[in-house]
Participant: 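Sharing a structure, written as structure tokens. Questions coming.
We name chains A, B, ... by the order of the sequence lines, and we start the count at 1 in each one.
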Amino acid sequence: DGGITQSPKYLFRKEGQNVTLSCEQNLNHDAMYWYRQDPGQGLRLIYYSQIVNDFQKGDIAEGYSVSREKKESFPLTVTSAQKNPTAFYLCASSIAAGGGTEAFFGQGTRLTVV
Amino acid sequence: GNSVTQMEGPVTLSEEAFLTINCTYTATGYPSLFWYVQYPGEGLQLLLKATKADDKGSNKGFEATYRKETTSFHLEKGSVQVSDSAVYFCALGNFNKFYFGSGTKLNVKP
């Protein structure tokens, strides 16, 4: 089945550690996105990528980094510079960035700082 | 700029009641509009979409019409079920990005 796979589903991080969230898609989509969701709130865009080896900052990029070395993969690293990383992280992809095509979402990774 | 505003929740209804969740948007150009649904602990699933003015998106009894004159995309369902309890997000897609409303939680009581 085609889709987007995020792993792990739950992740615990100690203060001062970097952690990397995985996102893989087999939909052959060009565009990929990372969103952060806090309880009772909407989605805020962290980073997005329209093509391989290119990505842009979203609205809340500080304390995060990404790479897009392969079309199917868009990992997100939450660095120690992110002061409040506890949140639900969602990865998405679309055929082309924006336009008339919808975004497809993974099942999310819940990150907790312990 | 681009933004989406949707009614705050929670919305609590009895089974078989009529549902409306209001959504208005601000956009440049000609955006596409979407409704997504999120169940607890899961990602977002596309519920329906409309890509141009006056289009009506529909799925599983839910409907929404793209109204350019009122910049709205209100979600409606004639008879809700307990299984419709979830959080609903209105969204627009424009140029390189998607923009989401803050979500409306729907509780349906038997």
Participant: Counting only non-hydrogen atoms closer than 4.5 Å, does B:Gln38 touch chain A with its backbone (N, CA, C, O), its side chain (CB onward), both, or neither?
Facilitator: side chain
Participant: Answer yes or no: does atom NZ of B:Lys105 have more than 12 heavy-atom neighbours from other residues, nucleotides or ligands under 6.0 Å?
Facilitator: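 Incorrect, the count does not exceed 12.
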Participant: Inspect the surroundings of OH in A:Tyr10 and state if more than 12 heavy atoms from other residues, nucleotides or ligands are less than 6.0 Å away.
Facilitator: no
Participant: Measure the NZ-CD distance between B:Lys97 and A:Gln56 for me, rounded to the nearest 0.5 Å.
Facilitator: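 Here the rounded value is 8.5 Å.
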Participant: Write down the atom of B:Tyr36, the atom of A:Glu102, and the distance for their closest heavy-atom approach.
Facilitator: OH-CB, 3.6 Å
Participant: At a heavy-atom separation under 4.5 Å, does A:Gln41 approach chain B through its side chain, its backbone, both, or neither?
Facilitator: backbone
Participant: Is the number of heavy atoms from other residues, nucleotides or ligands within 6.0 Å of CD (B:Gln81) greater than 12?
Facilitator: yes
Participant: Could you tell me which of B:Leu92, B:Leu44, B:Leu33 has the largest number of non-hydrogen atom pairs under 4.5 Å with chain A?
Facilitator: B:Leu44
Participant: What part of B:Tyr99 is in contact with chain A, defined as an atom under 4.5 angstrom from a non-hydrogen atom: side chain, backbone, both or neither?
Facilitator: neither
Participant: Could you tell me which portion of A:Gln37 (side chain, backbone, both or neither) has an atom closer than 4.5 angstrom to a non-hydrogen atom of chain B?
Facilitator: side chain
Participant: Does A:Leu45 belong to the same Ile/Leu/Val/Met/Phe/Trp/Tyr cluster as A:Phe74, with side-chain heavy atoms less than 4.5 Å apart forming each link?
Facilitator: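 Per the 4.5 Å side-chain linkage, A:Leu45 and A:Phe74 are not co-clustered.
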Participant: In this structure, are over 12 heavy atoms from other groups packed under 6.0 Å from A:Lys9 atom NZ?
Facilitator: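 Yes, NZ of A:Lys9 has more than 12 neighbouring heavy atoms, counting only those of other groups under 6.0 Å.
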Participant: Same hydrophobic cluster for B:Tyr66 and B:Phe34, using side-chain heavy-atom links shorter than 4.5 Å among ILVMFWY?
Facilitator: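 Shared cluster, no.
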Participant: Look at atom CD of A:Glu15 and say whether more than 12 heavy atoms of other residues, nucleotides or ligands are closer to it than 6.0 Å.
Facilitator: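 For A:Glu15, atom CD is not crowded (no more than 12 foreign heavy atoms under 6.0 Å).
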Participant: Working to the nearest 0.5 angstrom, can you tell me the gap between A:Leu90 CG and B:Phe100 CZ?
Facilitator: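 Here the interatomic distance stands at 9.0 Å.
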Participant: Between B:Gln45 and A:Phe105, does the side-chain contact (heavy atoms from CB on, under 4.5 Å) criterion hold? Intermediate values first, please.
Facilitator: CA-CA 7 Å; B:Gln45 302 172 29; A:Phe105 283 83; over 6 Å; no
Participant: Nearest heavy-atom pair of A:Ser94 and B:Phe98: which atoms, and what distance?
Facilitator: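 Smallest heavy-atom distance, with atoms named: OG-CE1, 3.8 Å.
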Participant: Does any backbone or side-chain atom of B:Leu46 lie under 4.5 Å from a heavy atom of chain A? Answer side chain, backbone, both or neither.
Facilitator: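 Just the side chain, heavy atoms under 4.5 Å.
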Participant: If you count the non-hydrogen atoms of other residues, nucleotides and ligands that lie under 6.0 Å from OH in B:Tyr39, is the total more than 12?
Facilitator: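 Counting neighbours around OH of B:Tyr39, more than 12 heavy atoms of other residues, nucleotides or ligands fall under 6.0 Å, so yes.
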Participant: Of the non-hydrogen atoms in B:Phe89 and A:Leu43, which two are nearest, and what is the gap between them?
Facilitator: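 Nearest pair, atom of B:Phe89 first, then A:Leu43: CE2-CD1, 3.9 Å.
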